[in-house]
Structures are given as C-alpha cells and as structure tokens.
J.: 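Questions regarding the structure given below will be posed in turn.
The structure presented is a predicted model; accordingly, all values stated were derived computationally and were not measured.
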Amino acid sequence: WYNRAGVERVMGFCTDEEYENFLSNTPSFEEYLVEAGIILIKYFFDVSMEEQQRRFQKRLSDPMRQWKLSPMDVQSYQRWWDYTEAYEQMIRATDSAHAPWYRVQADVKKAARLNCISHLLSSIDYRRLPYAAPDLGRRKKRKKKQPKEISFTQSVPDVY
C-alpha cells in the first residue's frame, strides 16, 4: 500500500498524479478504517545508511545470501537520498493522530522485531489465554517388523 509513496515514487513506477492522489487520499482513507473499528498501526523499520551498506556487503560476499541482493536493492542503495526524501514526505503527509507512524530502529534485526512485537501487543487490548503444556507421554515400542530408520537410495551430501 505505502509502496506508492516510496518505491513507486522513487523508481518512477507511478505518475506524479497517482503519487499526489495517494498522499492526499490516504489520511482520510485511514481515518475511515479507524472509525469503522479497524486497529491501524503503522511501523517504519528504519535502517541506517551504514547498516544497509554492511548488510549489502555481507550479501555480496556470502554465497548463502547473494540471492537476497536484487537489482531493486542495488537501486535503493544508489538512491538512498531519494528514498529518504520520499519517505519523509510520506510520513509528513500520512502521520496523524488516528493513524500515527511508529519508527522502529532496525539496525539490529532481532531487537527491532522484538521491540515491534512488544509495542504492538501493548497497543492492543487483549487477554492472555492460558497455556497448558501437553503431556508427550511415552513413545510406543517398535514392533519387530518396523524399520529402525527410513531407507533412502539417494542422499544430499553434507557439505556444511
């Protein structure tokens, strides 16, 4: 939804008219949602320029992560300041009392996720359901004709 004001704006995937229409209509649309009883909480995971560079460098050098570096990621790296400007305009136009934006400092991924979850849970009135751990009991004994393990004709080699 908010890609219109970020990626679509910066990359030229929408017209100026579509962009302006989005920015002018979004606050009233969000207000309508909230008045209809929808809980609308908006989070912006904010990563520093230095952290983005560190993550991208890691993706470049780690074969297990190279798939995570798309051509769009390269563009976002090169257009850092265009994205900063676009997101600043989006926040300014769509941050409101009924639907505020919350910044999540996201340089440390795990902390960012936990902070966001904690905030989300503290923002919504809910009652905690009791949890009763199940009793696993005992495994049934293997019958004489049951195999001790599964037989395969092919295996993937353990490289790592």
J.: State whether the side chain of E8 and the backbone N or O of C14 hold a donor-acceptor pair below 3.5 Å, judged by distance alone.
T.: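 A pair under 3.5 Å: no.
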J.: Let me confirm one number: the CZ-CD distance from R9 to E18, rounded to the nearest 0.5 Å.
T.: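 Going from CZ on R9 over to CD on E18, the span is 11.0 Å.
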J.: Restricting to ring pair (Phe, Tyr, Trp, His ring centres under 6.0 Å), what partner residues turn up for F29, sequence neighbours left out?
T.: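 F29 satisfies ring pair (Phe, Tyr, Trp, His ring centres under 6.0 Å) with W1 once adjacent residues are dropped.
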J.: Which pairs pass side chain to side chain donor-acceptor pair (under 3.5 Å) with one or both residues in residues 130-143, sequence neighbours excluded?
T.: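 Sorted pair list comes back empty.
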J.: Drop me the distance from W80's CH2 to M49's CE, to the nearest 0.5 angstrom.
T.: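 Reported value, rounded in 0.5 Å steps: 6.5 Å.
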J.: Is there a side-chain contact between M11 and M72 (heavy atoms, below 4.5 Å)?
T.: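 Yes; the side chains approach each other to less than 4.5 Å.
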J.: To the nearest 0.5 Å, what is the distance between CD1 (I39) and CG (L33)?
T.: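 Here the rounded value is 12.5 Å.
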J.: Might you point out which heavy atoms bring A112 and A106 nearest each other, and give the distance in Å?
T.: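 Of all heavy-atom pairs spanning A112 and A106, the closest is CB-CA, 3.6 Å.
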J.: Side chains of I38 and V34: does their closest heavy-atom pair fall under 4.5 Å?
T.: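 No. Closest side-chain heavy atoms not under 4.5 Å.
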J.: Heavy atoms only: give me the nearest A86-V10 pair and the separation to one decimal.
T.: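 Smallest interatomic distance, heavy atoms only, reads CB-CG2, 3.7 Å.
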J.: Measure from the side-chain N and O atoms of S155 to the backbone N and O of P157, and report whether any donor-acceptor pair falls under 3.5 Å.
T.: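 A pair under 3.5 Å: no.
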J.: Give a yes or no on whether the backbone of D73 and the side-chain of S76 come within a donor-acceptor separation of less than 3.5 Å.
T.: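 Yes.
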J.: What I want to check is whether the side chains of Y77 and Q53 have a donor and an acceptor closer together than 3.5 Å.
T.: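 Yes - a donor-acceptor pair under 3.5 Å links their side chains.
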J.: Between D82 and R79, does any NZ, NE, NH1 or NH2 come within less than 4.0 Å of an OD or OE carboxylate oxygen?
T.: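 Salt bridge: no.
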J.: When clusters are formed by joining ILVMFWY residues with side-chain heavy atoms under 4.5 Å apart, either directly or through shared neighbours, do M90 and F13 land in the same one?
T.: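 Shared cluster, yes.
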J.: Can you tell me how far apart CD1 (I117) and CG (L114) are? Round to the nearest 0.5 Å.
T.: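 The CD1 atom of I117 sits 5.5 Å away from the CG atom of L114.
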J.: What residues form a side-chain contact (heavy atoms from CB on, under 4.5 Å) with A93, not counting sequence neighbours?
T.: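 Testing A93 for side-chain contact (heavy atoms from CB on, under 4.5 Å), a comparison that skips the adjacent residues, returns L23.
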J.: Taking it one step at a time, do L120 and Y43 satisfy side chain to side chain contact (heavy atoms under 4.5 Å, CB included)?
T.: CA-CA 10 Å; L120 178 65; Y43 292 105; 3.5 Å; yes
J.: For Y19 and Q89, work out which heavy atoms get closest and say how close.
T.: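 Closest approach of Y19 to Q89: OH-OE1, 2.7 Å.
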J.: Between E51 and R55, does any NZ, NE, NH1 or NH2 come within less than 4.0 Å of an OD or OE carboxylate oxygen?
T.: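 Looking at E51 together with R55, the answer is yes, because their closest N to O distance falls below 4.0 Å.
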J.: Do E20 and E17 make a side-chain contact, defined as non-hydrogen atoms from C-beta onward lying under 4.5 Å apart?
T.: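 Contact flag for E20/E17 side chains = no.
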J.: For the CH2 atom of W67 and the CG atom of D62, what is their distance to the nearest 0.5 Å?
T.: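 It comes to 11.5 Å.
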J.: Checking S123 side chain against H119 main chain: does a donor-acceptor pair fall under 3.5 Å?
T.: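 Yes: the side chain of S123 pairs with the backbone of H119.
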J.: Closest approach of Y126 and L121, non-hydrogen atoms and distance?
T.: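 The pair with the smallest heavy-atom distance is CE2-O, 3.1 Å.
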J.: I need the minimum non-hydrogen distance between F22 and A5, along with the two atoms involved.
T.: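 Distance-wise, the nearest heavy atoms are CE2-CB, 3.6 Å.
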J.: Could you list all the side chain to side chain donor-acceptor pair (under 3.5 Å) pairs where at least one residue sits in residues 90-110, not counting sequence neighbours?
T.: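 Those involving residues 90-110 are D46-R103, S48-D107, T94-W101, S96-H98.
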J.: Which residues pass the ring pair (Phe, Tyr, Trp, His ring centres under 6.0 Å) test with Y83, not counting sequence neighbours?
T.: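 By the ring pair (Phe, Tyr, Trp, His ring centres under 6.0 Å) rule, Y83 matches Y87.
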J.: Which pairs count as side chain to side chain donor-acceptor pair (under 3.5 Å) when at least one residue sits in residues 25-37, sequence neighbours excluded?
T.: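 Residue pairs with at least one partner in residues 25-37: Y2-E30, N21-N25, E30-K42.
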